[in-house]
Amino acid sequence: MEVIELRPRPIADGVSWVGVIDWDRRLFDSLIPLPDGTSYNAYLVEGAEHTALVDTVDPSMADGLLARLEGVSRIDYVVSHHAEQDHSGAIPLVLDRYPTARVVCTPKAQPLLGDLLGVAADRCMVVEDGQTLDLGGKTLQFLHTPWVHWPETMVTWLAEDRILFSCDFFGCHLATSELYGDWARVRHAAKRYFGEIMMPLAPMVARNVARVREYQAALVAPSHGPVLTEPEAAMSAWADWAAGPPRNLAVVAYVSMHGSTRRMAEHLTDALAEEGVPVRQFDLTVTDLGELAIALVDAGTIVLGTPTVLTGPHPLAASAAWLANLLKPKARFATVIGSYGWGGRAVEALAGLLPNLKVELLDPVLCKGLPAVGDLEALRGLAKAIARKHEEEGFGPPDGG
Ligand code: FEO
């Protein structure tokens, strides 16, 4: 029989990390690239009278969690912050091993855990917002944080140690053997995570950041990525990403079949730079969607570039528009550039894919075949219009990614 020997790793007196590191995962939700892998963090909190496991792990790596719990004879509570399977998927196995353990969850999570994992209602202990649970010198307080990431989500405040167990909130997809991460180390991965996962929920995120910030945590222990040693820096950044104004940054995301749209995109990027507007330019045939999401967190203007395929936009441009519409970035302006051979409705089709964005649509620039002198002039005019809009809005400089 295979033996896996893994041990809990202490982060405070009576508090240990018992998660797993997924070094090789490269895709989440069959959509989101994970260039740096990820981790599924679970934590063990041992009071004088009771022991709680805070979150579990993705079911594909449940062996690692169970191995790390090998020396733990009793678990009384399994805190389920979030019913999504990457955190709750191993709950049934934990309940099998610890037959008296109860799952602590929000009222909305309880039926979801039944639907997704077959967790019986009578194994659950539903907690209201603000409710506390005394483990004996370790007091857990459960704070409902709806829509960070799902409607049933909560976080847990461990009062005596000033640790906020935050699940997806303040997380990042970053596989590392280091338990702790300072903000400079994790910031880029955290921004990618915010852009991909949390940006569509920005108003709820902002509300919940403001709430948990008041607790002045000493550590934030998320369920993805390292434990954060600078909670205020992380919360300040998350507050800005969620509710701060857009920046003086344009995203130019394009696809080109025979080079005409690429020439337009490059010309526009150059013209914008001359006008003082920094640009992130993306060729959608090779773009990492996470990098695009990071740029969309800040962008004041989104420009989509597409050739006309038959009568509509190229499917990659349509896909990017669909994704931007799902992610709901805070951009205030958008437009389309592109080339066509004999006509079509690419602009109308792309603009129609962005109903969620609260943007002013600037005049598009379309050309027939290769861009001619007049088309390049029109792109310079578009660059000037974007620069003027950004100036009028008072957008500050990009924050460096
Ligand atoms: Fe990491 Fe929403 O699950």
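Excluded from the calculations below are hydrogen atoms, water molecules and symmetry mates; all remaining heavy atoms, backbone and side chain alike, are included. Counting convention: from 1, in listed order, for ligands and their atoms alike. Fair warning: this is a prediction, and the values are worked out from it, not measured in the lab. By convention here, the first residue in the shown sequence is residue 1.
Tyr98 contributes a side-chain N or O that, together with a main-chain N or O of Val72, makes up a donor-acceptor pair within less than 3.5 Å.
Centred on atom 2 (Fe) of ligand 1, the OD2 atom of Asp168 and the OE1 atom of Glu84 lie at an angle of 170°, reported to 10°. The NE2 atom of His224 and the NE2 atom of His87 subtend an angle of 90° at atom 1 (Fe) of ligand 1, given to the nearest 10 degrees.
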Chi angles and distances behind the ring-ring contact (aromatic ring centres under 6.0 Å, His included) call for His87, Tyr40: CA-CA 7 Å; His87 310 291; Tyr40 316 108; 7.2 Å; no

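For the residue pair Glu160/Thr139, the side-chain donor-acceptor check at 3.5 Å is satisfied. Between the side chains of Gln131 and His144, not a single donor N or O lies within less than 3.5 Å of an accepting N or O.
Atom 2 (Fe) of ligand 1 has His82 among its coordinating residues (N/O/S atom, backbone or side chain, under 2.8 Å). Among the atoms of Cys167, no N, O or S atom falls under 2.8 Å of atom 2 (Fe) of ligand 1.
For atom 2 (Fe) of ligand 1, the nearest N, O or S atom contributed by His149 is named ND1. For atom 1 (Fe) of ligand 1, the nearest N, O or S atom contributed by Asp86 is named OD2.
Here the closest non-hydrogen pair linking Val79 and Met154 is CG1-CE, 3.9 Å.
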